[in-house]
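The analysis underlying the following values was restricted to heavy atoms, covering all of them including side chains, and did not include hydrogens, waters or symmetry mates. Lettering of chains follows the sequences in order, A, B, ..., and the numbering in each one begins at 1.
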Amino acid sequence: MIIEVRDDFDLKKIQISGQCFRVKEAGSGIFMFITGEHVVFIKELGDKKFEVSCSEKEWEEIWTAYFDLDRSYEDICRKEYGKHDFTDKAIDFGRGLRILRQDKWEMLVSFIISQRKSIPAISSAVEALCRKFGSEIDVTDVHFEEDGEWSTDEACKDPIYSFPTPEQMAGATLDDFKECGLGYRAPYVYDAIRKVLSGELDLEEICRLDDEALFEKLMTVHGVGIKVSNCVCLFAYSRMGRAPIDVWIKRAIDEEYGGVDPFPEYGENAGIIQQYIFYYEKNGAKQLLK
DNA sequence: CACCAGGTATACG
DNA sequence: CGTATACATGGT
């Protein structure tokens with residue numbers, strides 16, 4: 001199916017934005033996304049047009065929300081433009097980024113794992129969990145309309161696994177988690193599993209909490225601190241006012257904003273602005289000098 | 001082969 | 001309450 005996306009939408013930038021750890025480029029300009037038991041391949045056709053491998057129904061029910069397509073990032077950038085020179089540069093550089101609305105459990109576990117790990121290391125740990133505990137996703141129905149020069153078969157030669165549910169991870173041993181490279185974070189993940197399975201933490205129910213209460217509730221999990229909780233708020237619960245501050249953002253604040261946290265000024269869009277700044281710090285001009 | 005990675009819990013003062 | 005420190009592994 002061919003779709004048109006009027007708003008900013010750059011799949012490559014989203015892939016390397018550090019908010020998602022399982023997105024793959026399957027051939028040039030073709031990206032694979034996974035959420036729950038769903039997989040989609042998206043081919044960039046240019047001129048704001050994309051070919052997607054799913055049905056119109058699935059696109060509307062699953063992927064529109066996933067890609068946050070009902071929000072205008074163009075409008076938000078225009079609104080926030082002009083407050084800080086460095087932010088403006090970051091917006092220019094990162095145009096096309098979006099904040100994905102990803103699976104809550106997957107984000108919680110992924111960002112628990114993320115602490116003191118490089119992004120490639122996070123990706124391989126998450127992938128290892130999926131291989132070991134996830135279920136294989138049936139991709140026989142996944143295809144593009146014209147099966148011409150490129151077929152999804154070649155990207156699907158390796159089986160694709162869903163991110164494991166708490167139930168699927170419940171039986172894991174410490175050795176299992178070690179094999180997945182979780183290291184000292186394994187007990188943290190156990191605590192998250194225990195709290196969710198016992199009902200002490202209901203990841204769907206807490207949607208109704210306001211930002212601050214949600215943030216606090218997520219921090220009751222062992223291994224979830226301020227930064228990880230904010231990442232889950234932003235990347236799973238679409239709380240765009242939350243701006244996670246990690247080493248990259250801290251460096252930007254120190255070097256580019258005179259040590260003054262600029263995010264309060266961006267209010268309900270702070271998290272979105274944070275994403276442009278993170279992306280610019282990590283992939284922008286500074287990095288090219290190295 | 002060192003070095004560091006989208007931090008946090010814990011132990012101090 | 002604010003600050004120093006240990007922490008398991010993998011990627012570069």
Please give, in whole Å, the distance from [N] [atom2] to [X] [atom1]?
X        : N      : atom1 : atom2 : value
A:Lys282 : C:dT12 : NZ    : P     : 10 Å
A:Lys178 : C:dC7  : NZ    : C1'   : 13 Å
A:Arg185 : C:dC7  : CZ    : P     : 13 Å
A:Ile119 : C:dT12 : CD1   : P     : 11 Å
A:Ile112 : C:dT9  : CD1   : C1'   : 17 Å
A:Ile113 : C:dT9  : CD1   : P     : 14 Å
A:Phe21  : C:dG10 : CZ    : P     : 18 Å
A:Glu179 : C:dG10 : CD    : P     : 11 Å

Practice item. Scan for side chain to side chain donor-acceptor pair (under 3.5 Å) pairs involving residues 209-238 of chain A, sequence neighbours excluded, and state none if there are none. Key: A:Arg101-A:Ser238, A:Asp211-A:Arg239, A:Glu212-A:Arg242, A:Asn230-A:Arg242

Check your understanding: What parts of residues 254-267 of chain A reach DNA chain B, counting only heavy atoms under 4.0 Å away?
Key -> none

Check your understanding: Nucleotide by nucleotide, 5' to 3', does protein get under 4.0 Å of the base (B), only the sugar-phosphate (S), or neither (-) in nucleotides 7-13 of chain B, counting heavy atoms?
Key -> BSSS---

Which side-chain N or O atoms in residues 116-124 of chain A pair as donor and acceptor under 3.5 Å with protein atoms at least two apart or in another chain?
unit_1   : atom_1 : unit_2   : atom_2 : d
A:Lys117 : NZ     : A:Gly181 : O      : 2.9
A:Ser118 : OG     : A:Ala121 : N      : 3.4
A:Ser123 : OG     : A:Phe21  : O      : 3.2
A:Ser123 : OG     : A:Ile119 : O      : 3.3
A:Ser124 : OG     : A:Pro120 : O      : 3.1
A:Ser124 : OG     : A:Ala121 : O      : 3.2

Check your understanding: Using 30° and 60° as the class limits, which term best fits the ring planes of A:Trp63 and A:Tyr66: parallel, tilted or perpendicular?
Key -> perpendicular

Review point. Going by the angle between their ring planes, with limits at 30° and 60°, are A:Phe86 and A:Tyr280 parallel, tilted or perpendicular?
Key: tilted

Report which part of the nucleic acid [X] touches: base, sugar-phosphate, or nothing (heavy-atom distance under 4.0 Å, all strands).
X        : value
A:Tyr279 : nothing
A:Ser17  : base
A:Gln275 : base
A:Glu281 : nothing

Exercise for review: Any salt bridge (Lys or Arg N to Asp or Glu O under 4.0 Å) involving residues 270-281 of chain A? Give me the pairs, sequence neighbours left out, ordered by first then second residue.
Suggested key: A:Glu281-A:Lys286

Exercise for review: Mind jotting down which residue pairs meet the salt bridge (Lys or Arg N to Asp or Glu O under 4.0 Å) criterion with at least one end in residues 14-23 of chain A? Sequence neighbours excluded, please.
Suggested key: A:Arg22-A:Glu127

Exercise for review: Considering only NZ, NE, NH1 and NH2 on the basic side and carboxylate oxygens on the acidic side, decide whether A:Arg208 and A:Glu205 come within less than 4.0 Å.
Suggested key: yes

Review point. B:dA11 and C:dA8: how far apart are their P atoms, nearest whole angstrom?
Key: 14 Å

Could you go through residues 258-272 of chain A and list every donor-acceptor pair under 3.5 Å that involves a side-chain atom there, pairing it with any protein atom two or more places apart or in another chain?
unit_1   : atom_1 : unit_2   : atom_2 : d
A:Asp261 : OD1    : A:Phe263 : N      : 2.8
A:Glu265 : OE1    : A:His84  : NE2    : 3.1
A:Tyr266 : OH     : A:Thr87  : OG1    : 3.0
A:Asn269 : ND2    : A:Glu80  : OE2    : 2.8

Review point. Who passes side chain to side chain contact (heavy atoms under 4.5 Å, CB included) against A:Asn283, sequence neighbours left out?
Key: A:Ile16, A:Phe93, A:Tyr279

With sequence neighbours left out, write down each residue that passes salt bridge (Lys or Arg N to Asp or Glu O under 4.0 Å) with [X], or none if nothing qualifies.
X        : result
A:Arg95  : A:Asp8
A:Asp176 : A:Lys132
A:Lys89  : A:Asp85

Practice item. Verify the contact: side-chain N or O of A:Ser124 to OP1 or OP2 of C:dG11, cut-off strictly under 4.0 Å; return yes or no. Key: yes

**Study point:** Contact residues, residues 100-111 of chain A to DNA chain C [heavy atom, < 4.0 Å]
**Key:** none

